[in-house]
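Working notes, beginning with the structure itself.
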Amino acid sequence: MNIKTAEFVISNPDYKNCPKNNIPEYAFIGRSNVGKSSLINLLTNNKHLAKTSTQPGKTQLINHFIINNQWYIVDLPGYGYAKVSKEKLSSFSKIITGYIKNRENLYCVFVLIDARLEPQQSDLDFIEWLGSNHIALAIVFTKADKLSDNELNRNVNVFKKTLLQSWETLPELFITSATGKKGKDEILDFIEKTNTNK
Ligand code: GTP
Ligand code: MG
């Protein structure tokens with residue numbers, strides 16, 4: 001699929017004020033700084049669409065972008081960043097959980113995983129939580145450019161094995177690098193397929 005147009009629609013602290021839920025929607029979620037906003041900019045070929053930062057905690061609201069006037073990409077705040085105050089952490093999670101549980105047009109949640117790290121408990125907990133709420137998900141490894149192919153394969157395999165301890169089948173997995181422009185076509189093809197098959 002080609003993205004011809006990608007436009008910012010609205011930012012919200014509450015799912016209740018999100019745009020009308022009559023078209024497919026795909027959300028990007030993961031720990032703060034994992035590269036959610038950067039990946040959205042890679043997919044849409046627009047470096048300035050979603051705001052990125054070297055400092056964790058940049059995205060703090062639910063941000064809707066409309067793609068080709070047909071479906072939404074949603075940029076969400078990160079979870080599990082210890083340096084944000086406890087109060088803020090819980091409000092982040094309320095924003096995220098309220099949005100995910102109540103958004104009926106959410107076709108798939110892309111859970112972003114930093115490819116450099118061992119499986120992180122907060123990621124595994126979040127994936128479990130999605131599963132227990134019957135939310136469709138796919139896994140996206142980010143920052144693949146920071147590893148050798150060997151290290152990347154090893155980390156991806158460790159992650160898969162860890163998931164298989166509690167899941168019978170693995171979700172769709174993507175390997176990406178916003179810097180190296182890797183993984184874009186695979187994700188867009190998956191979205192196109194999901195848009196037409198659902
Ligand atoms: P929050 O909104 O704070 O939760 O962060 P985020 O997940 O949206 O991350 P963001 O896209 O703002 O990126 C965080 C930092 O990681 C920035 O400095 C990016 O340039 C960097 N980054 C993101 N993706 C990649 C990647 O694929 N490769 C490399 N090397 N750096 C990346
Ligand atoms: Mg962000």
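Note that ligands are numbered from 1 as they come in the structure, with each ligand's atoms numbered from 1 the same way. Note that this is a predicted model, so its numbers are computed, not measured. The analysis underlying the following values was restricted to heavy atoms, covering all of them including side chains, and did not include hydrogens, waters or symmetry mates.
Counting heavy atoms from C-beta outward, Ile127 and Pro171 have side chains that stay 4.5 Å or more apart. Counting heavy atoms from C-beta on, the side chains of Phe126 and Ile100 come closer than 4.5 Å. Under the 4.5 Å side-chain criterion, counting only non-hydrogen atoms from C-beta, Phe141 is in contact with Ile139.
Of the options Lys51, Lys143, Gln60, Arg116, the smallest heavy-atom separation from atom 21 (C) of ligand 1 is shown by Lys143. Residue nearest to atom 13 (O) of ligand 1, selected from Ser32, Ser38, Gly180, Ser37: Ser38 (by heavy-atom distance).
By the 3.5 Å distance cut-off applied to N or O atoms, Ala178 is counted among the residues near ligand 1. Of the N or O atoms in Thr176, none lie within a sub-3.5 Å distance of an N or O in ligand 1. Ligand 1 has no N or O atom lying under 3.5 Å from any N or O atom of Pro77, backbone or side chain.
Annotation: Asn2, atom CG; neighbour count of heavy atoms from other residues, nucleotides and ligands within 6.0 Å does not exceed 12.
Each of the following atoms of ligand 1 lies closer than 4.0 Å to a heavy atom of Ser53: 12 (O), 13 (O), 14 (C), 15 (C), 17 (C), 18 (O). Shown in contact with Gly78 at under 4.0 Å from a heavy atom are these atoms of ligand 1, numbered in order with element: 4 (O). Those atoms of ligand 1 with a heavy atom of Ser177 less than 4.0 angstrom away are 27 (O).
A donor-acceptor pair shorter than 3.5 Å can be found between the side chains of Tyr79 and Asp123. Side-chain contact of Thr59 with Ser37: a donor-acceptor pair under 3.5 Å is present, judged by distance alone. If you check the side chains of Arg103 and Asn105, you find a donor sitting under 3.5 Å from an acceptor. For Ser148 and Glu151, the side-chain atoms include at least one donor-acceptor pair closer than 3.5 Å. Under the 3.5 Å distance criterion, with hydrogens and angles disregarded, a donor-acceptor pair is assigned to the side chains of Asn63 and Ser11.
Grouping Ile, Leu, Val, Met, Phe, Trp and Tyr residues whose side-chain heavy atoms lie under 4.5 Å apart, directly or via other members, places Leu42 in a hydrophobic cluster with Met1, Ile3, Phe8, Tyr26, Phe28, Val34, Leu39, Ile40, Leu43, Leu49, Phe65, Ile67, Trp71, Ile73, Tyr107, Phe110, Leu112, Val140, Phe174, Ile187, Leu188, Phe190, Ile191.
A heavy-atom separation below 4.0 Å is not found between Gly30 and ligand 1. A heavy-atom separation below 4.0 Å is not found between Thr142 and ligand 1.
Nearest protein heavy-atom neighbour of atom 9 (O) of ligand 1: Gly35 N, 3.2 Å. Of the protein's non-hydrogen atoms, Lys36 NZ, 2.8 Å is the one closest to atom 4 (O) of ligand 1.
Of the heavy atoms in Asp145, only side-chain atoms (C-beta onward) come closer than 4.0 Å to ligand 1.
Tally of protein N, O or S atoms closer to the Mg ion (ligand 2) than 2.8 Å: 2.
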